[in-house]
Amino acid sequence: MSILIERLPYVCVVLLIVVGLYGIVIERNLFKKVIGLGIFQAACILFFIVISVKSGSSVPIIDPSLGVRPELYANPIPHGLMLTAIVVSVALTGVALSLIISIYRRFQSLDEEVILEKSQ
Amino acid sequence: MLLGVEFVFFVLALLAAVLALQLKDLLISAIILAVFSFLSALLYISMGAVDVGFNEAVLGAGITGIFFIAAIYQTQRHALRRWPEKKKTFTWLSYLIPLFLLLGFGGILMVGVWTIALPGDPLAPASTYLSPDYIRRAYSETHTPNVVTAMIADFRSFDTLGEVLVVFTAALACFFILGGRAGGKLVRASDSPIIEMVVSLMVPVIQIFALYVIFHGHYGPGGGFQGGALLAASIILQRIFLGKERSERNFPSRIALPLGVLGIVFYVLLGVLGIFGGKAFLDYAGLPFLMDTPSLHSMGILLLEISVALVVFGALVSIFDSLASEEHAA
């Protein structure tokens, strides 16, 4: 049980990943799938943020009065990576929503099963 | 850090995520997703990732939310009932197998996180390989206290070039799928004069704040991505509440994508100026200004953030215009 408390941030990340994957795989509505994708992306970003925290550290903005000792500041490299990830996630969501609108105009439905039947 | 305010944010975010997937009303689902994004942003900020949290709040909660709303206005607001009309024999079994696979995947991830370094460990491999070097060098080489900005705009600026190209390509893809000019129910002018007046006052304030965020990215959380997205949000706000005629006069749809191209051209030009100065591509020491090297790096970072903001601005407004555009008679 104490191991669970120690690694609680990671367990939280895994929970969110599973919720996101549930949305993508099991939900039938197309919009819900894209919502699940957004949740999955937020969970992956959370994982990188969790591994960049150091105990006792602060935000990665150098305070000249404190100096540049690395253990004072959170790890900035995953932060930079996640900035890119968020912007790419927005772009991806935009394209996914365009495709959903296009599919709706063609099949008049947002439900995966109905669209699969109509396209046979 | 384990059971403090971060845990409260996480529990609320998890509840919002589950709720967004369960609701039948898609518009409310989209709004709950925006709430989830905002709670995630608060979670990131409380863990020290202020730049990432700012980005998630603007782009995840704001821009993605309005993209969803625009798409739902174009399709339908309510999802079907969960079970199909005619019950097939194997329906519940077809849900059981994916659920089993999902739990199996979750189990594998749990085994994975059991063996990596503990959260908060300053000697974890992620925190000892390159980041102490970046933290030590950032201020002395670039005069930029925000290490994340120094990293994405100077040490790793080539990756940022790839990223703005990705955003622009997505805007092009949306344009080719759906067309360009916003029209239809979402961008009708509001009937209420109160809304019109308040929005007309808000838009310039948002834009000035966006410019502040771009220029202040050196010293605090902020930078080109957040500022560009805020500028796009101000234009989208205009489109929705002041109507498409008035908003088209202020910012026509046809200049959004060319503005993105202009940003990319500035970016590459900045890199090529480094070559003309006798150094490498995107090496700010070759810029033709008369300053000492750390100030040259600082100026280069600022010019790069401005071009990134232009690209993100043009691309996001263009994606919104495509999502809100009316169907052409084929």
Side-chain angles (χ1 to χ4, degrees), chain A residues 5-10 12 14-19 21-23 25-27 29 31-32 35-36 38-39 42 49-51 53-55 57-62 68 70-71 73-77 79-80 82-84 86-88 90-91 93-95 97-98 100-102 104-105 110-111 113, chain B residues 2 10 14 17-18 20-21 26 29 33 40 44 47-52 55-56 59-60 63-64 67 71 74-75 79-80 84 98 102 106 109-110 113 118-120 122 126-127 130-132 134-136 138-139 145-148 151-152 163 166-167 170 173-174 177-178 225 319 322-323 327:
Chain A
I5 298 293
E6 259 177 4
R7 294 176 187 269
L8 187 63
Y10 293 143
C12 295
V14 172
L15 270 178
L16 266 181
I17 287 183
V18 170
V19 169
L21 271 184
Y22 161 84
V25 169
I26 297 187
E27 284 285 339
N29 187 295
F31 275 115
K32 296 281 178 66
I35 290 177
I39 296 171
I49 303 296
V50 163
I51 68 176
V53 176
K54 306 174 194 167
S55 20
S57 70
S58 175
V59 299
I61 298 178
I62 307 279
V68 289
E71 57 267 12
Y73 304 105
N75 186 357
I77 298 186
H79 294 184
M82 291 306 108
L83 282 186
T84 306
I86 291 174
V87 178
V88 168
V90 171
T93 305
V95 178
L97 293 172
S98 311
I100 290 180
I101 295 177
S102 191
Y104 182 79
R105 286 178 182 165
L110 287 173
D111 188 277
E113 304 274 332
Chain B
L2 293 173
F10 168 74
L14 186 65
V18 172
L21 288 173
L26 293 173
S29 270
L33 178 70
S40 308
Y44 304 154
M47 290 212 232
V50 283
D51 250 309
V52 179
N55 230 345
E56 174 77 29
L59 284 165
I63 302 284
T64 309
F67 282 176
Q74 298 277 29
T75 55
L80 284 183
L102 210 61
L109 283 178
M110 286 288 226
V113 301
L118 289 176
S127 300
L130 188 58
S131 63
Y134 279 176
I135 295 176
R136 284 189 203 104
Y139 191 73
N146 187 347
V147 185
V148 179
M151 204 190 94
I152 63 174
E163 191 214 327
V166 165
V167 172
C174 292
I177 296 174
L178 288 178
F225 296 107
I319 295 180
S322 300
L323 286 174
E327 190 175 2

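Here is how names work: the chains are called A, B, and so on, in the same order as the sequence lines, proteins then strands, and each is numbered from 1.
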> Taking A:Leu83, A:Ile17, A:Val18 one by one, which has the highest count of heavy-atom pairs under 4.5 Å against chain B?
Replying inline: A:Leu83
> Which residue out of B:Ile319, B:Val18, B:Ile177 racks up the most heavy-atom pairs below 4.5 Å with chain A?
Replying inline: B:Ile177
> Can you name the closest pair of heavy atoms from A:Gly94 and B:Phe67 and give their distance?
Replying inline: CA-CD1, 4.1 Å
> Can you tell which of A:Val87, A:Leu110, A:Val59 has the highest number of heavy-atom pairs within less than 4.5 Å of chain B?
Replying inline: A:Val87
> If you count heavy-atom pairs under 4.5 Å between each of A:Leu97, A:Ile49, A:Ile100 and chain B, which one has the most?
Replying inline: A:Leu97
> Hey, does A:Arg7 have a side-chain heavy atom less than 4.5 Å from the side chain of B:Val113?
Replying inline: no
> Can you tell if the side chain of B:Gln74 reaches within under 4.5 Å of the side chain of A:Arg105, non-hydrogen atoms only?
Replying inline: yes
> Between atom CG of A:Leu15 and atom CE of B:Met110, what is the distance when rounded to the nearest 0.5 Å?
Replying inline: 6.0 Å
> What distance separates A:Leu8 CG from B:Phe10 CZ, expressed to the nearest 0.5 Å?
Replying inline: 8.0 Å
> In terms of heavy-atom proximity below 4.5 Å to chain A, should B:Ala173 be classed as side chain, backbone, both, or neither?
Replying inline: side chain
>> Please identify, among A:Asn29, A:Val25, A:Ile51, the residue contributing the most non-hydrogen atom pairs under 4.5 Å to chain B.
In response: A:Asn29
>> Below 4.5 Å, heavy-atom pairs only: which of B:Leu33, B:Thr64, B:Leu102 has the largest tally toward chain A?
In response: B:Leu102
>> If we define contacts as heavy-atom pairs under 4.5 Å, which of B:Gly106, B:Ser127, B:Pro98, B:Gly60 has the most with chain A?
In response: B:Ser127
> So which heavy atom on B:Gly48 is nearest to which on A:His79, and how close?
Replying inline: O-CE1, 3.7 Å
>> Before you tell me yes or no, could you show the steps for A:Ile86 and B:Val52 under side-chain contact (heavy atoms from CB on, under 4.5 Å), namely the whole-Å CA-CA distance, both residues' side-chain angles and the distance that decides it to 0.1 Å?
In response: CA-CA 8 Å; A:Ile86 291 174; B:Val52 179; 3.8 Å; yes
>> Does any backbone or side-chain atom of A:Thr93 lie under 4.5 Å from a heavy atom of chain B? Answer side chain, backbone, both or neither.
In response: side chain
> Most heavy-atom pairs under 4.5 angstrom with chain A, which of B:Thr75, B:Ile135, B:Leu323?
Replying inline: B:Thr75
> So, for A:Gly36 and B:Leu21, which heavy atoms are closest and what is the spacing to 0.1 Å?
Replying inline: N-CD2, 4.1 Å
> Given side chains that start at C-beta, do those of B:Tyr134 and A:Ile77 come closer than 4.5 Å, heavy atoms only?
Replying inline: yes
> Is chain A contacted by the side chain of B:Ile63, its backbone, both, or neither, given a heavy-atom distance below 4.5 Å?
Replying inline: side chain
> Out of A:Ser57, A:Ser98, A:Ala91, which one racks up the most heavy-atom pairs below 4.5 Å with chain B?
Replying inline: A:Ser98
> Side chain, backbone, both or neither: which part of B:Leu118 has a heavy atom under 4.5 Å from chain A?
Replying inline: both
> What heavy-atom pair brings A:Ile35 and B:Ser29 nearest, and what distance separates the two atoms?
Replying inline: CD1-CB, 3.8 Å
>> Heavy-atom pairs under 4.5 Å with chain A: which of B:Ala170, B:Ala71, B:Ser322 has the most?
In response: B:Ala71
> Closest approach of B:Ser131 and A:Asn75, non-hydrogen atoms and distance?
Replying inline: CB-OD1, 2.8 Å
> Do you know which two heavy atoms are closest between A:Leu16 and B:Ala17, and how far apart they sit?
Replying inline: CD2-CB, 4.3 Å
> Which residue, B:Val148, B:Ile152, B:Asp51, B:Asn146, forms the side chain to side chain contact (heavy atoms under 4.5 Å, CB included) with A:Pro76?
Replying inline: B:Val148
